[in-house]
Undergrad: 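To start, I am sharing the structure in question, which I have written as structure tokens.
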There are 4 protein chains.
Amino acid sequence: MTITMAKGLLEAFLEIRRTSERLCKPLTTEDYVIQALPDVSPTKWHLAHTSWFFETFLLRPHSQGYALMNDAYPYLFNSYYNSVGLPFPRAERGHLSRPTVAEVYAYRAHVDEAMARLLEQLDDALVPSVELGLNHEQQHQELILTDLKYNLGANPLRPAYRPPRARTEHPRSPGPSFIAFDGGLVDVGFDGPGFAFDNEQPRHRAYLRPFRLASRPVTNGEYTQFIADDGYRRWDLWLSEGWRILQERGWQAPLYWERRDEGWWHYTLAGLYPLDEQAPVAHLSYYEADAYARWRGARLPTEQEWEHAAAACPTLGTLLDDGVYEPRPAVGARDGLLQVLGDVWEWTQSSYSPYPGYRPLPGGLGEYNGKFMVNQMVLRGGSCVTPRSHVRVTYRNFFPPEARLQFSGVRLAADI
Amino acid sequence: MTITMAKGLLEAFLEIRRTSERLCKPLTTEDYVIQALPDVSPTKWHLAHTSWFFETFLLRPHSQGYALMNDAYPYLFNSYYNSVGLPFPRAERGHLSRPTVAEVYAYRAHVDEAMARLLEQLDDALVPSVELGLNHEQQHQELILTDLKYNLGANPLRPAYRPPRARTEHPRSPGPSFIAFDGGLVDVGFDGPGFAFDNEQPRHRAYLRPFRLASRPVTNGEYTQFIADDGYRRWDLWLSEGWRILQERGWQAPLYWERRDEGWWHYTLAGLYPLDEQAPVAHLSYYEADAYARWRGARLPTEQEWEHAAAACPTLGTLLDDGVYEPRPAVGARDGLLQVLGDVWEWTQSSYSPYPGYRPLPGGLGEYNGKFMVNQMVLRGGSCVTPRSHVRVTYRNFFPPEARLQFSGVRLAADI
Amino acid sequence: MTITMAKGLLEAFLEIRRTSERLCKPLTTEDYVIQALPDVSPTKWHLAHTSWFFETFLLRPHSQGYALMNDAYPYLFNSYYNSVGLPFPRAERGHLSRPTVAEVYAYRAHVDEAMARLLEQLDDALVPSVELGLNHEQQHQELILTDLKYNLGANPLRPAYRPPRARTEHPRSPGPSFIAFDGGLVDVGFDGPGFAFDNEQPRHRAYLRPFRLASRPVTNGEYTQFIADDGYRRWDLWLSEGWRILQERGWQAPLYWERRDEGWWHYTLAGLYPLDEQAPVAHLSYYEADAYARWRGARLPTEQEWEHAAAACPTLGTLLDDGVYEPRPAVGARDGLLQVLGDVWEWTQSSYSPYPGYRPLPGGLGEYNGKFMVNQMVLRGGSCVTPRSHVRVTYRNFFPPEARLQFSGVRLAADI
Amino acid sequence: MTITMAKGLLEAFLEIRRTSERLCKPLTTEDYVIQALPDVSPTKWHLAHTSWFFETFLLRPHSQGYALMNDAYPYLFNSYYNSVGLPFPRAERGHLSRPTVAEVYAYRAHVDEAMARLLEQLDDALVPSVELGLNHEQQHQELILTDLKYNLGANPLRPAYRPPRARTEHPRSPGPSFIAFDGGLVDVGFDGPGFAFDNEQPRHRAYLRPFRLASRPVTNGEYTQFIADDGYRRWDLWLSEGWRILQERGWQAPLYWERRDEGWWHYTLAGLYPLDEQAPVAHLSYYEADAYARWRGARLPTEQEWEHAAAACPTLGTLLDDGVYEPRPAVGARDGLLQVLGDVWEWTQSSYSPYPGYRPLPGGLGEYNGKFMVNQMVLRGGSCVTPRSHVRVTYRNFFPPEARLQFSGVRLAADI
């Protein structure tokens, strides 16, 4: 259930806005500023940009008398909306010391106050834009954490975002099994009620052959066997483009993994730890997910297969609300689908394309999703840093096939 | 009908090999050598590589006593087959003056002679590999011409490959109309008899919504209206990645177009000519095809829609055998599909993915198609430089969305 | 007179270390962190690196029982000393949020305390290394300000480092005149007493033809005439490499200049201001200085000419100690050399080469200067952000010819 | 003695033009076309460009009724003369199959015929431009061979330009000795009679400290000891920029060297051969020459030292006219300077700067030398592919410090 169905819109707004700020509590001022890669953004940019979204698409057009806090912010905090003007260059977001962190919080308060006034007597026609703004901010909550993971993890000091984990007993993940599905003519895509992005619509029919889907994502332990079997040195397991990128970037393991004498460790938001063999492997590119599947004699599911299976069994795994920020071992029986929503985003073999009959949102918000529908692959299911009220089985996440910054893993599929 | 069904295998072999050489007749020695872009290859490389293919996959494993003409050729003329060893770098093919053109022709004769012996008493199990080699060479016949077009067209002297065209009366293309198709459960993919690539198989079921397809490809004249309406200056018509590339490369028109005072001209294999407004527009990237469709309020077809419609009406347009090497205006009634096979490859909105149940060929030939199934879009239909015996409605061509070197155009589709 | 001659070594040490910190007083925490260009460094890196220098070359080898504050600092704060180990990549200094600013100040205190103990009973043999460390820190004081100017100036908000200037009457700079020098056999280079870098030594003989040298650097007003005369559009005024870089980077004026309707403005450490026409032009590359001289029918001086003339008349201009951080109009009579030391570094036509008989320092400190003696040009004289106790007529500054980050200007020379 | 002093101008013209063509005799048509690196040019470009030089600076301005052979040639064959118009991009010279080799020879004949007419009644004022054109063509004779060496040597077939060498007994090079020179006030630079480039002038005075200069260049055998002593792995031997480039490009030996089990081989214009230990080492960058000198406890000479010493003893070594195209072991007594002119260009530690009082040529020819006077180092002496009538002790060759394409070696110097 989406958050705005469960609560009033104002309450939902305040809670989501507070959540973003709460996620930043453990940070030093310096942590807010940096951008260790063009593909990640500084935390203070996320905090400002999500405010800019409400300012741009709700306050400026619909809140009479709304005054900008600073004339340069519309330029500085635009991400990619050409309809709003040329954006400040993405790769230079970490070059800005000003506005300071305190000024960004003041900007958030400025926007929140104006939004609270607007929401008190909101025209119904604006509800979808508010809901979009809230879902947008939830997407950036995930990005705040994944970008922080990179920004901190790239520092040789390997600073931690959250306190050390208690090293309790690890549950053992149930051995993987394959669940069979009949296929045939099925319906996929969102059909309400509640909120969904334009790219999940319209609901439509698809024909599926019978298929099997793994009961849970691949674990770190299983993935180490792929590495041990020279998975990163055998070209025959890889797509041509993946093999090229592997060589160019020197990939030898998932992002954040470090080989030590005693075995594999990985950087987590709690610092550097030995790999938990039972937990789902994360930070894989599409190329790695695809190569692993080929090595196993399996394949990645299509997004239609995934959604059809998930709809029957939308079990929850670890989500942002759990406050763990790492995938955890699957718990449960091996004869159903586990960890469908949460833990790791699951690469599908489907490229990100418009659904039949797809229509982008009208106006500037039409730039939200549709213009990215090329050279990206669909991921499904949500991760350990996705808010619980944000996931659903029709949700289509998408990234270029070389992307590894997210908690992205793999659930195997196979033909019958 | 494929060529090997119409003729004996040896006859087909000899004819296809001769055709490749016949296409090179108009060239100077110097023309064979150059590579004006990493993405194109020197003509002499094409002539050698197609021979290498037969040598590598037929003669060396199956022709007892076959002797290499030169120990370095397996390295120099490998394109991308890792199973055969590290290939010579693609971008440096034009850095090689040796082997000379005469030596390359001697190499072809060496291979032809050995192949003729092999074909005389060919094991049936090898027929598919021979057919693949012949279809491979036909693909390179097309590339010889499209690469030559770039290599000559990039020269400020704008030399012609073929003699000037007679400037006869141009037929007028029939006005475009949209043909309706019912959709529903349809079967697509190749199911014999004859030759097809692995990527066209297996034949399988798909569900289509009702759709409409244009009776013919978009013409140069229609495309100039898109340009005149600021099509290359309006970000809202473009995919985000397409807009970025347009700006980076300064695209203002299709490849080979030149603006002159009196209007648009374009470079053809016969030299520089005023645009034929009635002929199909060619040398579009996917981004341009997609932007044009959006501007027209239409869309690109999926490859399933295209194939379903084409199967009902596989009309022929201009092909390599016509010796024109340029798309020509459509001729015929406006109430059926025209120019389905030939004239221009037609971009579809489908990314190049494996069909359900797809299996690559076994062994080294498994690298032929499957490893490229990411970040590419499917084109259908063949072009004015595709051999007649090479086209079919199930054929899946594929290129990255920014590619413009081929005769690639656009046939519009729309929902009903 | 160098600072260590005027004061005791401990007193000098404390004063210089305090000065570095005093320069950072106006900064927000965020300002310390960023690196808007690979060629500039974050302020907190400068503060840490100068401490690392004392730690590495004095405390670790010579202070018994000295304990590192953090094992990673020797790696993080090494600039380019291979003898000490692989340095952290320069271009990523701005990717580090940790150590925080507070931790860097604690690191400075840690080093200062240990240095104070060491200096109390310092072996005479170590005095040169301490003096080098102090002069090294003074060099970084200049860099702190020039790097801050870039880091703040690249922000569209154009934040100021120091309070707005009082807009008092501007003195008029005396018209430029050329002073004649006889040349002949002269001696150049440092010969004590006091501190000098190895690259200023040994003092040696050179033969000069008679020459003339401008009484003061070129002013902003004079430079605007070069721009108005199409100086940035006439290839014949430029070195070939300069012309290439100008086109590649779109140079149309010195760094920090902005064209407005009412004329030229420039960003200063006090914010954005109309150009002071009487003040020396700064932030020129060698290519611009050279092109300007050619346009004027003059040339740049050699470093031998410059030093020979300056030695006779080492007048002081604006220096760091003045707290202005901008070049100011020349004051004084037009028949002597003005602003010899201070205001702007003056490009010479001399490439940075070893003096005859040059010997680098022994050990790790040998990497200080000698290994950079290629592809750089010598600048002389010091700037408005060079400490007064740091300048002298034999001082050789050096930068690649495209460098514009420093307060670098031009004093014309001519043959007689 | 320059060629135009020894012969009449017309005779000199014809001989030099014939020599260029004679050097191309061993080539296949294909060899003329390729450009395996942006820094080298196709042979046919050299043949055309040298003709373009006469056409542009003599025929078009001074030969009434001269008709261009092709309107595009002034654009295609301009190297870098902005005064003549925008040149065709250097890196794309190898992308042009037309004009063909035969057409280029026809172009040469066209120019030669017109030049012969012009030379028959030449205005005295034009003699210097003709001499410049001839010396220009001689420079390109050297480049034809060094560029061919790269273009052929980069081909895995390692084709030879000239027939295999007879493997006769190698003379042993005399052991190196250092010859002492007094220094003091000396005169350097060209002062006639005959031809010299503008950059060798004016003759002027310089002050030198006493120095020593090696009797001959460093040999291959001596250089292998540097490699064996980890010369390419010790950062302390290298300039900072050299060390960076070494790592970036993976340098482990001079250009064209290949390590085999049995020792070092190198590619020569006669093919691949074991290294001749007695011959001078060639194809060194400045960085390698400088590192080698440092390893030996010596240094590179300044160009003033070199010229002063060479003037006293301008012995000849191997030159183009010898038809060997490789440096040969020194022959002669060890107490004088050997191989001063010829065998290998010798890197000096002098950057390429204007001489005191330097004036570029007037008009378009002013672009010949002066505009390159930055970021390059001076080499002296000529090589085994420099024409005998082209070398002299005042000759200043210049290349960027990373250049290795020429026959560039090292003669050591030392202080006394």
Side-chain angles (χ1 to χ4, degrees), chain B residues 24 26-45 48 69-78 85-89 91-105 107 147-161 271-272, chain D residues 24 26-45 48 69-78 85-89 91-105 107 147-161 271-272:
Chain B
C24 300
L27 302 186
T28 69
T29 298
E30 292 87 342
D31 295 336
Y32 283 89
V33 179
I34 58 172
Q35 177 181 32
L37 201 70
D39 286 346
V40 306
S41 292
T43 309
K44 75 184 174 91
W45 185 88
M69 173 170 262
N70 186 306
D71 288 350
Y73 289 1
Y75 166 58
L76 286 178
F77 300 126
N78 181 5
L86 199 69
F88 183 78
E92 299 171 21
R93 290 174 187 165
H95 295 179
L96 302 176
S97 59
R98 319 288 181 94
T100 62
V101 172
E103 286 164 345
V104 165
Y105 277 110
Y107 176 44
D147 289 2
L148 266 173
K149 185 166 182 179
Y150 192 85
N151 280 333
L152 297 176
N155 189 321
L157 299 170
R158 301 276 186 274
Y161 161 78
L272 204 57
Chain D
C24 301
L27 302 185
T28 68
T29 299
E30 293 87 343
D31 294 335
Y32 283 90
V33 178
I34 58 172
Q35 177 182 31
L37 200 71
D39 286 346
V40 307
S41 292
T43 309
K44 74 184 174 91
W45 184 88
M69 174 169 262
N70 187 307
D71 287 350
Y73 289 1
Y75 166 59
L76 286 179
F77 300 126
N78 180 6
L86 200 69
F88 182 78
E92 299 171 21
R93 290 174 187 164
H95 295 179
L96 303 175
S97 58
R98 319 286 181 93
T100 62
V101 172
E103 286 164 344
V104 165
Y105 277 110
Y107 176 45
D147 289 2
L148 266 173
K149 185 166 182 179
Y150 191 84
N151 281 332
L152 296 177
N155 189 321
L157 299 171
R158 301 277 186 275
Y161 161 78
L272 203 57

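Letters A, B, ... mirror the listed sequences (proteins, then strands); counts begin at 1. Values below: all heavy atoms of this structure, side chains included; hydrogens, waters and symmetry mates excluded.
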Undergrad: Given a strict heavy-atom distance threshold of 4.5 Å, which part of B:Gln35 is in contact with chain D: side chain, backbone, both, or neither?
TA: backbone
Undergrad: Which atoms form the tightest heavy-atom contact between B:Gly94 and D:Ile34, and what is the distance?
TA: O-CG2, 3.5 Å
Undergrad: Please classify the contact between B:Asn151 and chain D as side chain, backbone, both or neither, with a heavy-atom cut-off of under 4.5 Å.
TA: backbone
Undergrad: Show the nearest heavy-atom pair for residues D:Pro156 and B:Leu96, with the distance to one decimal.
TA: CD-CD2, 3.9 Å
Undergrad: What part of D:Leu27 lies closer than 4.5 angstrom to a heavy atom of chain B: side chain, backbone, both or neither?
TA: neither
Undergrad: Within this structure, what is the CZ-CG distance for the pair D:Phe88 and B:Asn155, rounded to the nearest 0.5 Å?
TA: 6.5 Å
Undergrad: Chain B heavy atoms under 4.5 Å from D:Asp71: which part of the residue, side chain, backbone, both or neither?
TA: neither
Undergrad: Shortest non-hydrogen contact from B:Thr100 to D:Glu30?
TA: CB-OE2, 3.3 Å
Undergrad: So which atom in B:Leu152 and which in D:Ser97 form the shortest heavy-atom distance, rounded to 0.1 Å?
TA: CD2-OG, 3.8 Å
Undergrad: What part of B:Tyr32 is in contact with chain D, defined as an atom under 4.5 angstrom from a non-hydrogen atom: side chain, backbone, both or neither?
TA: neither
Undergrad: Can you tell me which of B:Leu76, B:Asp31, B:Val33, B:Asn70 forms the most heavy-atom pairs within a distance under 4.5 Å of chain D?
TA: B:Asp31
Undergrad: Given side chain to side chain contact (heavy atoms under 4.5 Å, CB included), test B:Val101 with D:Thr29 step by step and report yes or no.
TA: CA-CA 9 Å; B:Val101 172; D:Thr29 299; over 6 Å; no
